[in-house]
Amino acid sequence: MTKLWQEMGLTDYEYNKIIELLGREPNYTELSMFSVMWSEHCSYKHSRPVLRNFPTDGPQVLQGPGENAGVVDIGDGQAVAFKIESHNHPSAIEPFQGAATGVGGIIRDVFTMGARPIALLNSLRFGSLDRDRVKYLFNGVVSGISWYGNCIGIPTVGGEVYFNDSYTGNPLVNAMCVGLLEHKDLKKGVASGVGNPVMAVGARTGRDGIHGATFASEELSDESEEKRPSVQVGDPFMEKLLLEACLELIRSGAVIGMQDMGAAGLVSSSCEMATRGGSGMIIDVAKVPRREEGMEPYEVLLSESQERMLVIPKKGKEQLVKEIFAKWGLEAAVIGRVTDDGMLTIMDGEKKVAAVPATALTDACPVYEPEARKPAYLEQTAAFTPESLPAVEEYNDVLLRLLASPTIASKEWVYRQYDYMVRTNTVVGPGSDAAVLRVKGTKKGVAVTTDCNSLYCYLDPFTGGAIAVAEAARNLVCSGAKPLAVTDCLNFGNPEKPEIYWQFKQAVAGMSAACEKLGTPVVSGNVSFYNETNGEAIYPTPVVGMVGLIENIEQRCTMDFKQEGDLIYLLGETKAELGGSQYLSVIYGQDAGKPPQLDLDLEAAVQGCCLEAIKRGLIASAHDCAEGGLAVALAECAISGRRGCSVGVSSDLTATEVLFSESQSRIVVSVTPENEKELLALAGEYNVPCQKLGIVAGNDLRIMVNGTEVVSVPLDKAENTWREAIACKLG
């Protein structure tokens, strides 16, 4: 017979450790508290040792990992707070609300730090759009994201969408939020000061989301639909009121600390704030405002009802807090006080229902380092050689098929549902290498992006992890921004499987190496394990969110070819690297081969050269060369600028390799003839290969390799194919 703690997701070993920590057996409420706080989602018990390998410091870092969001300096007493988090499992069973509440939760993590949210991004993964179930999930997720962001009035300015069969039963929905703040307004999730009140503010508490953290820490199966009650329901209009009230409270100077009641609800917010402050709390659940009658104490503690915060104001400021929240039509109730005994004591009126050391729920959680073993499939995928495939006869058809593949095709169907211009800060919106937002009252701009090629990570997790960081930084550089720091969302299968844990460790090692080289420390993030359906894991997907600074927003850059007669150059070098390419995946159905390799020294040089060229005003456009290779990159520049191009490449490579190799550290740039010499000289200074490709001209996309024309496609045809692909798939 299954034991109670096992039903709650705890092992026999963990239950015995709880008894050891308490010196007795836990009661039902205490066991419920441990079950959510020791879940993978809250405790990071399989990832903590590995995450310590990330670089987290730098002169720009004001707040690193361990808080609600990371914060980096952008000068003039201003800072950016940002974080990305997953809402994968809820979105798999209730896509609209799962995605919507993922957006709501990440917004709260940012304004809790004292920052006003200015932008939302996302990273989404789905199975094939040929499946009706995937279409349902895709439609629901995009609708949920757009509904919440549009209603609250925060622009969704960027992101990425990939499609692969590994995500068929377990889509990934990663939401990122970016906010601006003054250094003086920075607040942390800390409970300190004996006798200071503990207040619950915002929405009333209901039964939605109970054991949501536990649900997020287990594999999906055919029975997961029964978990639908675990999914919370969001209210973006209330969140807007909560946001304004919390920011006003922070500016009043009356608040010590504040935290979102997210995963594990009141339990996590209280014990985490107490742990950070080295304090304790006594909380009376009978005083928590509720919207349902007859709730048990454990239900109040574990509820994940949305739009709620836990606030620690200074003693004597309770009435001020109530007045501020009443002004915004919200409740604020004193539910307890800060103590110095280190205990989280839970009362239900006069009755004590739980007494647990706060650190027992946080720091004392068992930490595991499972066996890590290289997956057997890698021998087979690494042995694959593209040369074994039949030769391509018609390159026009190949290019059009790539442009029509949902992973490469325009995501306009997605982002036209988002209001990405609200608040009028957006200068470069979705569809470019990175989004750019102005910092009002200054010359500065903030560039933001998300990135990860999970196919590379499947074939070589170390290299794939490093490329995710490098490409995110490259995207920012192409916009004219200096990369500052990383937030990550590490999506993997079951870490208790040696092959999955090996993927995880390798990916983190690769990301760490790239972060060190490029000077982009990791300041916040999220780990999402158990992304499996009926035992089949997703491709390892360590998503990188990155923020960069443009000192003068007038020096921003975009990918579109600007004018006839501009010269087209390639920074970097194309190699025979078709392994892991979209060419192999789309044309031959092969997710195989060795992915492109990454020379971090060359990557840093190419990025440095491009950024300096943009600052000097030498180049008219810049675009990262990524999925689909050079041919797709040229097509995207041409489509974006509504100007054709004529390109000629001399190379020892085959035409297929020239067109579709996905070699890293490459940027397609365009330059006026008068700036050509200075660009070449700059490339020489940085020791960066700089190859002339051709000219912006005409209404066609024309590419010659070694004197033979291999691609000649009317630009209108390429654009229609690329722009309409996803809409056609959806009917």
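Index from 1, following the sequence. Quick caveat: nothing in here was measured; it's all calculated off a predicted structure.
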| Pairwise side-chain contact, Ser479 with Asp433, heavy-atom cut-off 4.5 Å (strictly under) |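 Not touching, per the 4.5 Å side-chain cut-off.
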| query | Can you find a heavy atom in the side chain of Val157 that is under 4.5 Å from one in the side chain of Leu121? | reply |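 The answer is yes, as the side chains (C-beta and beyond) meet within the 4.5 Å cut-off.
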Given 3.5 Å as the limit, does a donor-acceptor pair link the side chain of [X] with the main chain of [Y], or not?
{"X": "His41", "Y": "Ala264", "result": "no"}
{"X": "Asn139", "Y": "Tyr136", "result": "no"}
{"X": "Lys411", "Y": "Gly158", "result": "no"}
{"X": "Glu471", "Y": "Val469", "result": "no"}
{"X": "Glu662", "Y": "Gln582", "result": "yes"}
{"X": "Ser143", "Y": "Gly140", "result": "no"}

Regarding [X] and [Y], is there a side-chain donor-to-acceptor distance under 3.5 Å anywhere?
{"X": "Ser166", "Y": "Tyr458", "answer": "no"}
{"X": "Tyr377", "Y": "Glu499", "answer": "no"}
{"X": "Thr112", "Y": "Asp260", "answer": "no"}
{"X": "Tyr539", "Y": "Asn531", "answer": "no"}
{"X": "Ser663", "Y": "Ser661", "answer": "yes"}

Taking atom [atom1] of [X] as the centre, report whether more than 12 heavy atoms of other residues, nucleotides or ligands fall under 6.0 Å from it.
{"X": "Lys594", "atom1": "NZ", "answer": "no"}
{"X": "Tyr420", "atom1": "OH", "answer": "no"}
{"X": "Glu371", "atom1": "CD", "answer": "yes"}
{"X": "Arg416", "atom1": "CZ", "answer": "yes"}

| field | Pair Ile667-Cys478, side chain to side chain contact (heavy atoms under 4.5 Å, CB included): steps then yes or no | value | CA-CA 8 Å; Ile667 298 174; Cys478 286; 3.8 Å; yes
| query | Phe504 vs Tyr501 aromatic rings, parallel, tilted or perpendicular, using cut-offs 30° and 60°? | reply |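 The arrangement is tilted - the two ring planes meet at 30° to 60°.
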| task | Classify the ring geometry between His46 and Phe529 as parallel (under 30°), tilted (30 to 60°) or perpendicular (over 60°). | result | perpendicular
| said: Listing request: all salt bridge (Lys or Arg N to Asp or Glu O under 4.0 Å) pairs with a residue in residues 154-174, at least two apart in sequence or in separate chains. | reply: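 Sorted result for residues 154-174: Arg125-Glu160.
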| query | Per the side-chain hydrogen bond (donor to acceptor under 3.5 Å, both in side chains) rule, which among Asn174, Asn170, Thr541 passes with Asn491? | reply |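 One option only clears the test, and that one is Asn174.
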